[in-house]
Amino acid sequence: MFKPIKIGVVGCGYWGPNLVRNFNSLSDCQLKMMCDTSEQRLEHLKSLYPDVQRATDYEFMLNGIGLDAVVIATSVKWHYPMAKASLLAGKHTFIEKPMASSSTECEELIEIAQKKGVVLMSGHTFLYSPVVRKIKEIVEQGDIGDIRYICARRLNLGLFQKDINVAWDLAPHDISIIQHIMGEPPIAVNCRGCAHITPGVEDVTMICLTFPKQRTAIIHNSWLDPRKIREMTIVGSKRMIVYDDVAQHEKIRVFDVRVETPPHYDTFAEFQYAYHYGDVYAPYVKQEEPLRSECQHFLDCIKNGTQPLTDGKNGMELVRILEASSKSLQLGGAPVEFISGQNSLKLNGNGIHRAKAVRQIPVEKFNGGKRSVKLIKKISHAREPEIFAR
């Protein structure tokens, strides 16, 4: 009989409580600990989950109660040091999006997970959504023809961040969905944006992803919009899909509309576009919480020794796109092209930009146990391994 997997969640601010709720409800795991620097937040969670231990000390959580897996839902800047310490301690590790602050950090985490033989998973929740799975199914069946472009809008008023811009905060959701639907990463990225409220932190951005076969994707993100909008349009050569995640019902609608050019013509006067207008239908989608499916998938991968759908490589590819968007912002929206198979970015016509390497600590120096926690202070520039809510 398989023993329940002992889980600890660090970071109990905005998103962490949702992870706590879901892991606590799953039968094949035991939520052992909730960790956060805020005692007030932990007291509130105590009233909801009185049987779960609480701690403000990440070192104690990592090495003091015999956890099998750690779930990290802190601020982005703490993802890498905390995940590195967790992996080196031999814990299966789940990291909320984005996986780290740079692709170089992601690459190192992947290497450690492979050497330690543990599961490393990135929290791209929407890929576990029945709605996104249905869209992927429709696309793969060829119902909409060849994808021409995708347009995504993720807008709302706040929540303003201080350490990352709106692209790093909101775009990961749509980037992960778009990559999943396209089936491959982009070959170039353009990004423009403005910082209206906090200097140096863009609160409005527009990202353009260029894919092979003349396909593109546009992602508009904003913390300054009066309405909450979560919408994606997928334009195909035969049909079009509109995905509205805010809608209570009919989150997916398929439009049988398209534009066709005449097969042949002799003069410009004979040239006429043909507009096809057909039916609109809403496919049935079973209702289930994507986060619960994601948490269960993490547990299944630990039990079966399988690779997650959103593994470390998947998380790294997304961070590379965010890095490219940041570089394009610095260049005033100039295109940033990827060099295939390398952890670097090629600037279109402007030479090579390589991600700045982080300070490396040899894996063989640490064999888990209490020593691994010392990494937090060695690889971060903070005095203490302070935990921040997302």
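On a predicted model such as this, the values are computed, not experimentally measured, just so you know.
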Candidate pair Ile181 and Ile135, rule side-chain contact (heavy atoms from CB on, under 4.5 Å), full reasoning: CA-CA 8 Å; Ile181 293 172; Ile135 292 173; 3.8 Å; yes
Stepwise side-chain contact (heavy atoms from CB on, under 4.5 Å) test for Ile147 and Val139: CA-CA 8 Å; Ile147 293 177; Val139 171; 3.9 Å; yes
Other residues, nucleotides, ligands: >12 heavy atoms within 6.0 Å of Lys136 NZ: yes
Min side-chain heavy-atom separation Ile65-Phe60 under 4.5 Å: yes
Straight-line distance of Met316 CE to Glu105 CD, nearest 0.5 Å: 13.0 Å
Residue pair Ser325 / Trp168, side-chain donor-acceptor N/O under 3.5 Å: no
His297 and its side-chain contact (heavy atoms from CB on, under 4.5 Å) partner, picked from Ser293, Cys295, Cys301: Cys301
Path from Tyr243 to Tyr281 over hydrophobic side-chain contacts below 4.5 Å: yes
Gln214, CD atom: more than 12 neighbouring heavy atoms under 6.0 Å: no
Close side-chain approach of Cys35 and Val9, heavy atoms under 4.5 Å: no
Stepwise salt bridge (charged side-chain N to carboxylate O under 4.0 Å, His left out) test for Lys303 and Asp28: CA-CA 9 Å; Lys303 290 188 297 182; Asp28 44 1; 2.7 Å; yes
Polar contact flag, side-chain donor to acceptor under 3.5 angstrom, Asp68-His92: no
Side-chain heavy atoms of Arg239 within contact of Phe255, under 4.5 Å: no
N/O donor-acceptor pair under 3.5 Å between Thr210 side chain and Thr216 backbone: no
Donor-acceptor pair, side chain of Ser75 and main chain of Lys77, under 3.5 angstrom: no
Joint hydrophobic cluster, Leu155 plus Met232, side-chain heavy atoms closer than 4.5 Å: no
Polar side chain donor-acceptor pair, Glu294 to Asn22, under 3.5 angstrom: no
CG-SG distance between Leu329 and Cys191, expressed to the nearest 0.5 angstrom: 3.5 Å
Asn304 CG: over 12 foreign heavy atoms closer than 6.0 Å: yes
Side chain proximity check, Pro335 to Val189, heavy atoms < 4.5 angstrom: no
Member of Ile218, Val242, Ile150 meeting the side-chain contact (heavy atoms from CB on, under 4.5 Å) criterion with Thr233: Val242
Glu288 with Arg133: basic N within carboxylate O range, under 4.0 Å: yes
Check: Ser122 main-chain N/O paired with Thr310 side-chain donor or acceptor under 3.5 Å: yes
Aromatic plane relationship, Phe160 with Trp223 - under 30° parallel, 30 to 60° tilted, over 60° perpendicular: tilted
Check against salt bridge (charged side-chain N to carboxylate O under 4.0 Å, His left out), Arg215 and Glu184: CA-CA 11 Å; Arg215 297 175 300 166; Glu184 59 185 338; 2.2 Å; yes
Check against salt bridge (charged side-chain N to carboxylate O under 4.0 Å, His left out), Asp174 and Arg154: CA-CA 8 Å; Asp174 296 311; Arg154 191 167 295 266; 3.0 Å; yes
Any donor-acceptor N/O pair, Lys91 side chain to Leu67 backbone, under 3.5 Å: yes
Residue pair His173, Lys97: steps toward the side-chain contact (heavy atoms from CB on, under 4.5 Å) verdict: CA-CA 8 Å; His173 296 302; Lys97 60 83 189 167; 3.4 Å; yes
Neighbour count >12 (heavy atoms, 6.0 Å) for atom CZ, Arg54: yes
Residue pair Thr93 / Ser86, side-chain donor-acceptor N/O under 3.5 Å: yes
Crowding at CD, Glu137 (>12 non-hydrogen neighbours, <6.0 Å): yes
Spatial distance of atom CG (Asp203) from atom SG (Cys194) [nearest 0.5 Å]: 8.0 Å
More than 12 heavy atoms from other groups under 6.0 Å of OH on Tyr149: no
Flag for Tyr128-Gln296: side-chain donor and acceptor within less than 3.5 Å: no
Test salt bridge (charged side-chain N to carboxylate O under 4.0 Å, His left out) applied to Glu111 and Lys115, step by step: CA-CA 6 Å; Glu111 180 186 355; Lys115 289 184 177 181; 3.0 Å; yes
Leu26 reachable from Val52 in the ILVMFWY side-chain graph, under 4.5 Å edges: yes
Hphob cluster co-occupancy, Leu224 + Met206, side-chain heavy atoms under 4.5 angstrom: no
Shortest non-hydrogen contact from Met99 toward Gly312: SD-O, 3.6 Å
Main-chain N/O of Asp36 paired to Ser38 side chain as donor or acceptor, under 3.5 Å: no
side-chain contact (heavy atoms from CB on, under 4.5 Å), paired with Leu318, selected from Ile321, Asn314, Leu322: Leu322
Any donor-acceptor pair under 3.5 Å from His79 side chain to Glu96 backbone: yes
Partners passing side-chain contact (heavy atoms from CB on, under 4.5 Å) against His44 (at least two apart in sequence or in another chain): Ser47, Leu48
Heavy-atom side-chain proximity of Val204 to Val166 below 4.5 angstrom: no
ILVMFWY cluster, Val76 and Leu159 together (side-chain gap under 4.5 Å): yes
Side-chain donor or acceptor of Ser176 paired with backbone N/O of Pro172 under 3.5 Å: yes
Close side-chain approach of Ile144 to Ile234, heavy-atom, < 4.5 Å: yes
Test item: Lys251 side-chain N/O and Asp245 main-chain N/O as donor-acceptor pair under 3.5 Å: yes
side-chain contact (heavy atoms from CB on, under 4.5 Å) evaluation trace for Val10 with Met82: CA-CA 9 Å; Val10 56; Met82 287 187 162; 4.2 Å; yes
Flag side-chain contact, heavy atom, 4.5 Å: Ile178 against Ile219: yes
4.5 Å side-chain heavy-atom contact, Ser25 and Arg21: no
